[in-house]
Amino acid sequence: MKFKVLGSVGVEVEGHFHSVRGTQQRALLAVLLVNGGRMVPAEDLYTELWGDDPPLTVENALQAHVSRLRRTLQAWGGGEAALRARSTGYLLEFDAEDLDMNVFRRRAAAARAVMGCDPVRAAALLQECLGLWRGAPLQDAAKGPLCQSVAVQLGEEHLAAVEDKLWLDIECEVPSAIGELKRMSVVHPWRERITEILMLALYRCGRQAEAIETYHAARHRMVAELGMEPSAQLRERFLDILNQTPRRPAPAPAPPAAPAAQAVPAAQAVSATPAVPATPAVPAASAVSAVVAGAELARSA
């Protein structure tokens with residue numbers, strides 16, 4: 001039995017996905033899963049399942065949902081997963097490797113560990129972990145505050161993994177990389193790392209003018225809609241490309257740290273937040289003329 005939260009919440013048994021019936025039971029399963037085998041206080045479960053409007057007999061209602069979920073898991077053959085009651089709450093005991101969230105994080109961490117020395121292997125690992133996703137995380141169970149926060153965190157981790165994969169694609173000269181980068185820059189216009197990778201990919205294949213225009217378009221959008229300038233790192237990348245000058249940029253941001261509520265015990269899973277390697281510098285080439293450089297710099301000021 002495999003548990004799924006990277007998409008709709010449910011269970012996979014012998015290759016077949018089963019969705020838990022009932023909003024409250026799905027939320028109950030979700031919050032128990034993302035807590036990684038730790039006990040969840042009953043008061044937190046009340047909030048996750050019913051928000052600010054619990055039933056008058058909320059304790060009995062929770063016990064009823066726990067009993068139904070336990071029977072459902074047992075009927076699906078969940079002998080290795082045990083839904084247990086404690087004096088102040090409930091916990092679900094299961095193998096950490098049986099939860100897709102943990103597998104995603106472990107493989108993403110393994111990929112980042114070898115990005116600098118084995119980009120082909122890293123790209124393969126990222127492709128595997130991104131293939132675990134079936135949609136928005138906890139998409140049919142993220143109603144309570146805990147599951148909502150976990151869903152947001154997982155979404156950030158997913159985007160960070162996508163960015164790493166796109167970077168590795170241009171390192172490995174994957175033909176479709178630029179097209180996918182352009183698509184992602186439209187879907188996520190405020191992700192500066194996507195813009196930076198797209199600029200570098202265009203520059204590397206001889207499309208310097210297009211790389212420069214990509215920066216100007218992003219800068220104009222940020223100034224017009226957010227009232228702010230691009231980050232220092234993106235501006236430095238622009239100057240590298242404009243002047244064709246090798247310069248090592250500041251490190252790319254690491255994926256955000258996982259909140260304590262969804263942490264997995266160290267003995268069960270690898271941490272989800274290894275540092276992301278810096279984006280390598282632009283290779284050296286001939287200098288741009290002073291006239292062009294001056295004009296472009298004035299335009300970006």
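Between Trp190 and Glu225, the closest side-chain pair of non-hydrogen atoms falls below 4.5 Å. In this structure the side chain of Glu128 never reaches within 4.5 angstrom of the side chain of Val103, judged on heavy atoms. Inter-residue side-chain proximity for Met184 and Leu198 is flagged as unmet; no heavy-atom pair is nearer than 4.5 Å. A heavy-atom distance below 4.5 Å is not found between the side chains of Tyr203 and Thr214. When side chains are defined from C-beta on, Val120 counts as touching Asp118, because their heavy atoms get closer than 4.5 Å. Inter-residue side-chain proximity for Val58 and Leu49 is flagged as unmet; no heavy-atom pair is nearer than 4.5 Å. Residues Ser185 and Ile194 are in side-chain contact: their nearest non-hydrogen atoms beyond the backbone lie under 4.5 Å apart. Within the 4.5 Å cutoff, side-chain heavy atoms of Thr47 are placed close to those of Pro145.
Separating the CZ atom in Phe94 from the CG atom in Leu33 is a distance of 5.0 Å, to the nearest 0.5 Å. How far OG1 of Thr195 is from CZ of Arg221: 6.0 Å, rounded to the nearest 0.5 Å.
Both Leu62 and Val20 are members of a single hydrophobic cluster when ILVMFWY side chains are connected at heavy-atom separations under 4.5 Å. Connection of Val13 to Val9 is established within a shared hydrophobic cluster, with ILVMFWY side chains joined at heavy-atom distances below 4.5 Å, either directly or through further cluster members. Under a hydrophobic clustering in which Ile, Leu, Val, Met, Phe, Trp and Tyr are joined whenever their side-chain heavy atoms come within less than 4.5 Å, directly or via other members, Met199 and Met222 fall into different clusters.
Arg204 has no carboxylate O lying under 4.0 Å from a charged side-chain N of Glu173, or vice versa, which leaves the two without a salt bridge. Comment: Lys182 engages Glu210 in a salt bridge, judged by a side-chain N to carboxylate O separation of less than 4.0 angstrom. Between Glu156 and Arg191 there is a salt bridge, since a side-chain N of the basic residue sits under 4.0 Å from a carboxylate O of the acidic one.
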Margin query: Could you walk me through whether Arg105 and Leu154 satisfy the side chain to side chain contact (heavy atoms under 4.5 Å, CB included) test, starting with their C-alpha distance in whole Å, then the side-chain angles of each, then the deciding distance to 0.1 Å, before giving a yes or no?
Written below: CA-CA 9 Å; Arg105 287 173 167 171; Leu154 285 170; 3.8 Å; yes

Check: Would Asp169 and Glu180 count as a side chain to side chain contact (heavy atoms under 4.5 Å, CB included) if you check the C-alpha gap in whole Å, the side-chain angles of each, and the deciding distance to 0.1 Å?
Finding: CA-CA 10 Å; Asp169 283 347; Glu180 180 62 14; over 6 Å; no

Checklist line | From CA spacing to verdict: salt bridge (charged side-chain N to carboxylate O under 4.0 Å, His left out), Arg107, Asp100 | finding: CA-CA 11 Å; Arg107 292 181 182 174; Asp100 58 355; over 6 Å; no

Check: Should Leu83 and Val66 be marked as a side chain to side chain contact (heavy atoms under 4.5 Å, CB included) after you check the CA-CA gap, both sets of side-chain angles, and the distance that decides it?
Finding: CA-CA 8 Å; Leu83 206 174; Val66 168; 3.6 Å; yes

Notebook entry, point to check: Can Arg219 and Glu229 be said to form a side chain to side chain contact (heavy atoms under 4.5 Å, CB included), step by step?
Noted result: CA-CA 6 Å; Arg219 177 181 179 271; Glu229 292 285 342; 2.9 Å; yes

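Counted by atom type alone, Gln233 and Glu196 present one or more donor-acceptor pairs between their side chains at under 3.5 Å.
Minimum interatomic distance between Ala96 and Asn102 (heavy atoms only, all atoms of both residues): O-ND2, 3.0 Å. Minimum interatomic distance between Glu163 and Ile197 (heavy atoms only, all atoms of both residues): O-CD1, 3.6 Å. The heavy-atom pair separating Arg121 from Val114 by the smallest distance is CG-CG2, 4.2 Å. The two residues Leu91 and Met39 make their nearest non-hydrogen contact at CB-CA, 3.7 Å. The minimum heavy-atom distance between Cys147 and Ala30, with the atom names listed, is SG-CB, 3.9 Å.
Applying the 6.0 Å contact sphere to CZ of Arg207 captures more than 12 heavy atoms from other residues, nucleotides or ligands. Counting heavy atoms of neighbouring residues, nucleotides and ligands inside a 6.0 Å radius, atom CD of Glu59 does not exceed 12 of them.
Ring geometry for Tyr215 versus Phe238: interplanar angle under 30°, hence parallel rather than tilted (30 to 60°). Relative orientation of the Phe104 and Trp133 rings is perpendicular, given thresholds of 30° and 60° on the angle between their planes.
Distance alone, capped at 3.5 Å, is enough to place a donor-acceptor pair between the Arg134 side chain and the Ser8 backbone. For the pair Gln24 (side chain) and Trp50 (backbone), a donor-acceptor distance under 3.5 Å is absent. Checking side-chain atoms of Glu192 against main-chain N and O of Ser231 turns up a donor-acceptor pair under 3.5 Å.
Cation-pi check for Arg70 over Tyr90 is not met; the charged atom does not lie both under 6.0 angstrom from the ring centroid and within 45 degrees of its normal.
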